[in-house]
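Chain letters run A, B, ... following the sequence lines, proteins first and then strands; every chain starts at 1.
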Number of protein chains: 2
Amino acid sequence: MNRTNLTALFQPSSIAVIGASSDKLKPGGRTFRYLAERFGGKLFAVNARGVESERDGVYVSVASLPYAPDLAVIAVPASAVVGEVEACSKKGVKVVVVYTSGFGELGEAGRREQERLAEIAASSGMRILGPNCMGAFNLHMHSYTTFTSTLGHAEWPKAGNIGIASQSGAVASHLLSMVRDAGFGVSCWVATGNEADIDIADCIAYLADDPQTSVIAGYLEGCRDGARLIEALERARVRRKPVIVMKVGRSMEGAAAAASHTGALAGSDEIYQTVFERHGVCRANSYEEFLDLVVACSRGGFPKGRNLGIASISGGAGVMIADYAGEAGLRVPALTESTQARFKEAVPIAGVRNPVDITAKVVTSPELLGLFLDGLLAEVHIDCAVLYLSNMGRNAPLFTRMREAIRSLPARHAGKLIAVVATLPQQARQQLEEDGYLLYEDPLRAVRTLAHLAQIASSFDAPERRPMAASAHRFACQPSGNEWAALQALRAAGIPVVESCLVTSAQDAAAAASRLNGPVALKIASADIAHKSEIGGVMLGVRSPAAAATAFDQLMERVRGAAPAARIDGVLVAPMVAGGVEVILGTKRDPVFGPVVMFGIGGIFVEIFQDVTFRVAPIDNEEAGRMIREIKSFPILAGARGRQAVDLDALASALSTLSHVAAANIDRIDSIEINPFIALPVGGVAVDGLIVAA
Amino acid sequence: MNRTNLTALFQPSSIAVIGASSDKLKPGGRTFRYLAERFGGKLFAVNARGVESERDGVYVSVASLPYAPDLAVIAVPASAVVGEVEACSKKGVKVVVVYTSGFGELGEAGRREQERLAEIAASSGMRILGPNCMGAFNLHMHSYTTFTSTLGHAEWPKAGNIGIASQSGAVASHLLSMVRDAGFGVSCWVATGNEADIDIADCIAYLADDPQTSVIAGYLEGCRDGARLIEALERARVRRKPVIVMKVGRSMEGAAAAASHTGALAGSDEIYQTVFERHGVCRANSYEEFLDLVVACSRGGFPKGRNLGIASISGGAGVMIADYAGEAGLRVPALTESTQARFKEAVPIAGVRNPVDITAKVVTSPELLGLFLDGLLAEVHIDCAVLYLSNMGRNAPLFTRMREAIRSLPARHAGKLIAVVATLPQQARQQLEEDGYLLYEDPLRAVRTLAHLAQIASSFDAPERRPMAASAHRFACQPSGNEWAALQALRAAGIPVVESCLVTSAQDAAAAASRLNGPVALKIASADIAHKSEIGGVMLGVRSPAAAATAFDQLMERVRGAAPAARIDGVLVAPMVAGGVEVILGTKRDPVFGPVVMFGIGGIFVEIFQDVTFRVAPIDNEEAGRMIREIKSFPILAGARGRQAVDLDALASALSTLSHVAAANIDRIDSIEINPFIALPVGGVAVDGLIVAA
């Protein structure tokens, strides 16, 4: 199979519109109008009943076209779609765009039809966008194979460097409107719909390579293939192209709505979040945040660090901006003494430390703006700045003098991003943007954007993150619901496990306790009992062989009472592990990303504070160390409040090994939970384990 | 002393402008122009050098005015301010507004001058707004005693029902612009500046009583008198007037900036937050959120509950909105089967559960909007709705048909708030607003606003919350750094405390252990050692009298090594308390709100997760019970995962008692920390305590 890439979708030299219509309210009619007016390549209309066209001919069928166009749009009723797609693949069309709905989103029959489309794509190599999609276009090529109404009214968007890839046509249209209204330009735009073939990962990968795109805006509800999404995101990152995404399904209500909307296994949102963070993706939570990030990235400047200078005409607003900075992870360091002294000399009542309060004296002496902002930016430890003007610039003559005072500063301090917060008329905003300022009406949006840009810039500098391969041989492991067998399997795979033995009589229990020579724990071993302590199936700190024998009998009696039907393998006798910190190591299979490894602090607090972290498996020791350090409870492991620190290297090694076990046995093992693993000052041991079969 | 209220500030029948000028850029000139053009009462100009006026006379001094005006504006240099204020108080002026800066914000000399102003106010009963303030106005009275430039340009604001009270003139002006630009009306506006006399609490209290104000928008950086702020907020709440505040100083950076800006003790932000929550105040985190809340409240409708219906032209947007709802605490319940069936009949490919996806069929059949939205709102369990139209209404003929389809619904479903999310031209927005819809461009802002409104509505229904009085006699308590003495003092005040005795020899330690008849804990008793366990000053689970004697000697030796200079009172011997859950009970003095009581889960997790909650003390048992239930770790106390629940009543009683101790001894005690208090299945006991003197 030789699958073509998406070049023909975004850079077609010839297009056929199948279902071209003269009714401009219909998708096929609207598309044909857009293309007829603007597309510079060959344009064929296909309609069995004929249609008017001033372009390159009208044909009754795909088969009758003079040659295979690069791209064909299919805007015909659902019942005719498969036939037209087959005709296109026979003709040798490279990519088809299927607008028609009534497929996967409409139950079993629709799903089967959609699978046929996928099969045609797979067998022929022809790529298919859709079905149930709003199409795609490239503003540099004028290839408008879309029926979005956003192009039809208001001003036509500018060609620019923002690429938009979305699973939803409505969201993609909304983003397009916002970007256009803000005066910024778009390169390529695509709405993938049901994704029978081409998916959001394909589109992001294309945009990562497209020389006319320098920022990628993505909207997704989920994706089928996590590995390909990761590859696409990483492709963009190493090319230093920021990827801004909105992804829904964060809350329970959202996840429920997404499941009902797409009918697909969405994968766990927290794993997406992990992937986004690791590959430098900036996740926007709203259209506004999305727009702010996309247009700021479109301008191409990024702060070199997290130190923010704040200049304001109001002390109160300065405090507000400092608050936002603190919450967004920016710092507001004091200015140097000499700069403070210079500011104090110019305006004795000014606040000069940072935030700088120039005071309302700006009204009578607008040149003060230049003096203060220049001084602030000249500080070597300041990476970016916010200048708060409120509505002061609404007075036109005053605005002219203010602008004059600060006009040269972005050029003089190139490399330091400056955001101006002001409620200004449109023309004044544009003038400041031309001078090189970022413009905002709300200080929160200004600060949040600068903080995200600093984060993006630092993510560009990380080394390339290629997926690791797991050695199936070395980490082979069999699932087992029996705790003892699970621990032995984990030991065999390389994870340190507490010494323990499985006994089936009181005498053997006493003998085992005697051999272990110290206090022991006894635990029922049964694949049928998940939460042993809740039925009294665990006894800790048993201090003698005789007590161990008694404990054995008690345990068996308790279990007979609480779970008479459970199959009992015996009782596990293990030494009590003194000291250390209980942690949880786990793995699961994500429907999108495959094997995933989890780390968290142990005990009841895991459930309450959800202080856990995830990675797509497998990971090396270094990455495992980063996971361990990113939970909030890390100070407990590092030795807070006079406690002894645990052996972080041993812990990281166990976590990394476990991640390899998960990856190497993805076909057999659904999940592994080691709870607890006791992290000790030297080393650490798994004390309880569960391996669930796939 | 007979202090006049603020009626003369907001409803003056006569005004004098001291420092009236014909230069309209100067504060005195701008104010005089505003008043001369619009104020209907008597207006006097006061200027020693004369000034032109077409109004009610020009005078060389306050003394020479024909009678005392209700309100005088002082716009003269700092050196002349005190003289003019004194002249006003002699003349019998009711309120003066001092614009002039150079007082408390400018170091020691300025602070002394400001104190003189406060003394004049206190001794004469004349109220003073400012100094260093932007003044006040009432749009219904046209009493523009302000120099904000926001009134000077663009359209004059409408008179309306939004009251704005701010400590910052710049922020107040920004809010005013935003409210005006959004097309809403303002009643009173005031910027309090340095607050030598009139403060933000006075202004909120005035607005709570003002019949023309129905929503109060406040901005504060801090306040002097927490009790009066609480009284003002509660006054507004019982009158069912929403109070929306922005308060800065939330983050470390913000608090540092605030301290440097105002030079005042700001009080702890978390206590403000507690007060806001308790008194129904809605805290906005940005200008945008502020505007959204204020204008929505200005319209006067509130959802009766938290169930949101979502109707959208796009499945993806529906999922996004459901996500926002989940995160904001709204529910998205399924529609009834019969409604779902009706929707499915109208549009077979529609999503019908909730979110409802009407699909893009709206383009060809706009009447579907009415059918779906009407059906959604007719569901009795739906309290409010979001209708997502994206940019569909930009096509004017389509918009007209869409509007027609839904025009009657707000009236038909009165009592159910409906937010429309759409990017529409200004005129179309206004039309939908006139029809009774709330309008938003961003779905996050729509959902967040509805969630806040539901919260405000439920807070209106809570009973009046009057401050409790503490009985000083009953809860008298002496501070003590000595743990044993502290525990005895707490027991005397009514808090259950572990039986323990202070011993000074190994023999006495053995005797105490023998008397207690069970495992004991030994702890160094010394006011000089704060964290005893960090120097090995605590030994737990000592099992015999002989072991207790040995432990005594070991403890003394350890302390001699680790803290040779510490004064040692002896060693505390106490029984080991078995079982239960460790919690922390504490109190502190807040510089603004006075005595404050704190509750949190014990152990190292308090520090890491900051799972604590606060109240202004004292509180009754019921309120203490609410505190206990609002920490995240509450399930641990309530008996999560098969644990035994603790005695919540006994815990609440101890917490309430402690709050009374803090309130009754606010002059002597700075803070109390009971750490741990062990909450037991029956009862509970304080095990360690510290009482720090004021």
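Contact of B/Met178 with chain A is not made at all, since no heavy-atom distance falls under 4.5 Å. Using a 4.5 Å cut-off between heavy atoms, A/Asn285 contacts chain B through both its backbone and its side chain. Residue contact with chain B, scored on non-hydrogen atoms closer than 4.5 Å, is absent for A/Glu289. Neither the backbone nor the side chain of B/Pro425 comes within less than 4.5 Å of any heavy atom of chain A. For B/Ser168, the part lying near chain A is the side chain, with the backbone staying farther off; criterion is any non-hydrogen pair under 4.5 Å. Looking at B/Ser390, the atoms closer than 4.5 Å to chain A (heavy atoms on both sides) sit in the backbone and in the side chain alike. For A/Leu330, the part lying under 4.5 angstrom from a heavy atom of chain B is the backbone only. With a 4.5 Å cut-off on non-hydrogen atoms, B/Ser101 touches chain A through its side chain but not through its backbone.
Per-residue counts of heavy-atom pairs under 4.5 Å with chain B were compared for A/Tyr388, A/Tyr219, A/Phe634, A/Tyr287; the largest is that of A/Tyr287. Put simply, of B/Asp611, B/Ile310, B/Thr359, B/Asn354, the one with the most heavy-atom pairs under 4.5 Å next to chain A is B/Asp611. Interface remark: of the candidates B/Ser633, B/Ser251, B/Gly326, B/Pro635, B/Ser251 forms the most heavy-atom pairs closer than 4.5 Å to chain A. Between chain A and the options B/Arg445, B/Met320, B/Gln167, the largest number of non-hydrogen pairs under 4.5 Å is found for B/Met320. Ranked by heavy-atom pairs under 4.5 Å with chain A, the first of B/Val332, B/Asp442, B/Ile321 is B/Asp442. When each of B/Gly102, B/Ala322, B/Ala317 is checked for heavy-atom pairs under 4.5 Å with chain A, B/Ala322 comes out on top. Most heavy-atom pairs under 4.5 Å with chain A, from the set B/Ile313, B/Leu444, B/Ile601: that is B/Leu444.
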